[in-house]
2 protein chains.
Amino acid sequence: MSNKNVGIKDVAVAAGVSVTTVSHVLNEVSYARVSPETRDKVRSVAEELGYGPNRLAQALRTQRTGMLGLVSEEIATTPHAGRIILGADEAAKARGYNLMIINTPGSASLESRQADVQALLERRVDGILYATMYHRNVELPSNLGSVPSVLVDSVATAGNIAAVIPDEDGGARAAVGALLEAGHTQIGFINNTDDVPATRERLHAFRATLNEAGLDGDGAPVESELSEVQGGYEATLRILSGQDRPTALFCYNDRMAMGAYRAAAELGLTIPADLSVVGFDDQELIAANLYPGLTTVALPHYEMGAWAAEHLIDAIEGKADLDPLALHPTILGCPLVRRDSIAAPR
Amino acid sequence: MSNKNVGIKDVAVAAGVSVTTVSHVLNEVSYARVSPETRDKVRSVAEELGYGPNRLAQALRTQRTGMLGLVSEEIATTPHAGRIILGADEAAKARGYNLMIINTPGSASLESRQADVQALLERRVDGILYATMYHRNVELPSNLGSVPSVLVDSVATAGNIAAVIPDEDGGARAAVGALLEAGHTQIGFINNTDDVPATRERLHAFRATLNEAGLDGDGAPVESELSEVQGGYEATLRILSGQDRPTALFCYNDRMAMGAYRAAAELGLTIPADLSVVGFDDQELIAANLYPGLTTVALPHYEMGAWAAEHLIDAIEGKADLDPLALHPTILGCPLVRRDSIAAPR
DNA sequence: CTGAAAGCGCTAACAA
DNA sequence: TTGTTAGCGCTTTCAG
């Protein structure tokens with residue numbers, strides 16, 4: 001239908017001007033002066049011919065592709081990646097950029113990840129977004145440094161690159177705070193067994209928040225299991241069979257909370273009347289669909305993707321420098337999403 | 001680190017040969033003959049200098065970018081898109097292609113979708129994959145036709161473009177068949193109220209399968225609601241309070257099945273002992289995490305993405321023609337995924 | 001106010 | 001067996 005091989009040159013001859021003029025008016029170049037009539041002429045002819053610029057040629061000439069590379073781990077296995085992509089895509093689109101996406105298995109070797117980055121580099125992307133599936137430390141392919149880059153949802157082991165991560169501490173505090181606010185004093189934590197930042201930070205925030213509320217945070221019950229439904233179920237069974245049974249549970253994530261729901265049901269406990277529960281992640285599919293709806297803490301995936309794209313573009317366009325951002329990861333808030341799994345204790 | 005502005009020309013001078021020779025050996029051009037020594041020399045020099053081709057320049061020259069455009073609806077809101085992307089990405093990568101992704105809201109106007117396609121066209125992608133969020137009919141932007149394209153998970157209202165869709169009929173038959181095989185004769189269907197192909201085809205297959213088994217398919221109970229958890233819950237409550245209560249339920253999707261689980265629990269019915277349930281979609285997060293695990297039918301998103309990329313590339317490379325495929329959508333199987341929600345009737 | 005021409009990095013006729 | 005050279009479509013300096 002449109003831009004069928006018609007180039008700037010075709011427009012030029014059709015409009016009876018030079019290619020320079022066409023280029024100038026189509027790109028609205030500030031310095032060169034072209035008469036309004038010529039401008040109109042050029043524009044209408046371009047329109048007529050269905051001219052569309054060849055971004056490849058532009059890029060070759062200007063050394064700017066207007067493309068951002070996004071290497072994302074496990075695009076398919078978690079809904080999280082989708083939100084990062086969406087945030088990045090919308091931020092990028094708003095500034096005239098597009099995304100080249102490469103999926104990489106979370107288990108990929110350094111070399112294979114390096115090859116992915118290499119592919120992006122060969123296509124001359126202006127910058128790279130490197131996104132991981134969950135908040136953790138990653139060893140980065142060395143060639144990542146050859147172009148402005150920012151890490152999403154993880155920090156580099158070498159720690160010399162701009163990164164954006166979720167506020168684990170704040171999120172956990174919000175979760176526990178909501179329980180406290182509802183009047184609970186017997187609160188347990190169903191934690192993950194993986195050794196990732198979230199595990200440590202959420203636990204720390206859990207205890208600290210209780211201590212600050214004048215409760216015994218260090219003595220509060222904590223049970224850990226694999227961060228899946230089954231693990232949540234088992235940990236909950238254990239924690240509820242303990243000495244002083246908690247009246248509220250903070251769960252490492254929504255899947256574990258789902259397990260907690262099942263355990264509660266088996267024990268004849270009604271949520272939230274007999275047991276209040278808060279999760280973490282806000283996985284819509286689970287949190288919104290459990291009964292009663294799960295109050296949980298949202299991870300800012302969309303926001304991280306958008307933040308990363310935004311700052312990457314600033315760096316590319318020389319509007320800002322990434323170096324200061326590389327000193328410490330930027331932390332984005334994890335807001336509490338209230339549904340119906342919290343009530344005052346009996 | 002690598003390919004820092006070093007071009008073919010740099011390699012040429014460093015190796016003491018012409019650019020042609022470099023180009024020939026690096027691209028392993030069949031016709032031109034270069035001595036083995038020169039070859040090695042060139043290769044090692046290229047390696048040494050950290051040469052990496054500039055795909056932009058190559059593309060400009062060859063009129064082939066090796067990029068596939070993927071416009072996907074609602075990347076973030078459904079896990080399905082992720083699997084399509086993954087399938088397409090892996091198939092593409094295996095053949096040396098990369099993906100440019102553009103997200104488009106499901107509600108986007110024709111013009112805005114046309115603009116998305118236009119962006120891809122300006123970047124001179126070799127072909128376009130147009131993916132929708134769920135199986136339905138779409139009106140395509142007119143400029144889609146200017147480059148080889150294939151539709152994923154939908155068919156065009158105009159119906160003149162290659163498309164790949166799930167086998168709704170076969171999937172539904174497999175689901176109902178599993179129930180029949182377990183010995184059920186009283187089977188109900190919890191359907192969706194949306195007017196999409198899946199709604200009609202699954203219903204049709206449901207009735208047909210029962211009829212073919214010698215049961216009264218046309219008289220079998222069917223209750224429809226919004227295809228969410230709540231809808232599944234309500235429809236199940238209704239269907240189970242009817243005259244001859246079914247001993248097994250085929251649910252439109254996993255979310256509705258999740259609602260069925262809740263309804264069953266409230267009614268004091270144990271799954272699968274008192275009630276067998278089959279879902280559709282195989283949304284891991286739900287199906288694998290319900291208790292007991294939900295037997296369901298998987299949608300071939302990964303496969304559709306891979307199939308589409310594969311055939312698109314064949315067309316681009318002239319190895320096959322898309323036209324014959326445009327006559328009828330290609331249908332990919334929906335396999336039954338067995339978990340633990342089916343048992344023999346009491 | 002407008003145009004000629006160089007060149008971005010590469011491929012591929014064509015020459016040698 | 002290897003080298004010269006003309007573009008691919010565009011931007012931009014420098015001259016009119």
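Since we're looking at a predicted model, the values are computed, not measured. Values below: all heavy atoms of this structure, side chains included; hydrogens, waters and symmetry mates excluded.
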Please give, in whole Å, the distance from [N] [atom2] to [X] [atom1]?
| X | N | atom1 | atom2 | value |
| --- | --- | --- | --- | --- |
| B:Leu60 | C:dG9 | CG | C1' | 9 Å |
| A:Ile8 | C:dT2 | CD1 | C1' | 14 Å |
| A:Lys41 | C:dG3 | NZ | P | 13 Å |
| B:Leu26 | C:dC10 | CG | C1' | 12 Å |
| A:Tyr31 | D:dC14 | OH | P | 11 Å |
| A:Arg61 | D:dG7 | CZ | P | 18 Å |
| B:Asp40 | D:dT2 | CG | P | 12 Å |
| A:Arg124 | D:dC10 | CZ | P | 20 Å |

Respond yes when some side-chain nitrogen or oxygen of A:Asn54 is under 4.0 Å from OP1 or OP2 of D:dC8, and no when none is.
no

With a 4.0 Å limit, can you tell me whether B:Thr38 has a side-chain N or O closer than that to the phosphate oxygens OP1/OP2 of D:dT1?
no

Residue [X], side-chain atoms from C-beta onward, closest of [options]:
| X | options | answer |
| --- | --- | --- |
| A:Gln58 | C:dT11, C:dG3, D:dT11 | D:dT11 |
| B:Thr21 | D:dT11, D:dG3, D:dC8 | D:dG3 |
| A:Gln63 | D:dG9, C:dC1, C:dC8 | C:dC8 |
| A:His24 | D:dG3, D:dG9, D:dT12 | D:dT12 |

Between B:Asp116 and A:Lys93, is there a salt bridge with N-O shorter than 4.0 Å?
yes

Taking any heavy-atom pair under 4.0 Å as a contact, classify A:Val29: base, sugar-phosphate, or nothing.
nothing

Would you indicate what A:Thr20 reaches in the nucleic acid, counting non-hydrogen atoms under 4.0 angstrom: base, sugar-phosphate, or nothing?
base

Check: B:Asp89 side chain, A:Asn103 main-chain N or O, donor-acceptor pair, under 3.5 Å
yes

Let me spell it out: for each of B:Val17 and B:Thr62, pick the nucleotide of DNA chain D with the closest heavy atom. Which residue's pick is nearer the 5' end?
B:Val17

Identify, between B:Ala57 and B:Ser18, the residue whose nearest nucleotide on DNA chain D lies closer to the 5' end.
B:Ser18

Do B:Asp126 and B:Thr65 have side-chain N/O donor and acceptor atoms under 3.5 Å apart?
yes

Side chains of A:Gln114 and A:Gln118 only: does a donor on one sit below 3.5 Å from an acceptor on the other?
no

Mind running side chain to side chain donor-acceptor pair (under 3.5 Å) on A:Glu73 and A:Tyr134 for me, showing each step along the way?
CA-CA 9 Å; A:Glu73 273 182 1; A:Tyr134 59 89; over 6 Å; no

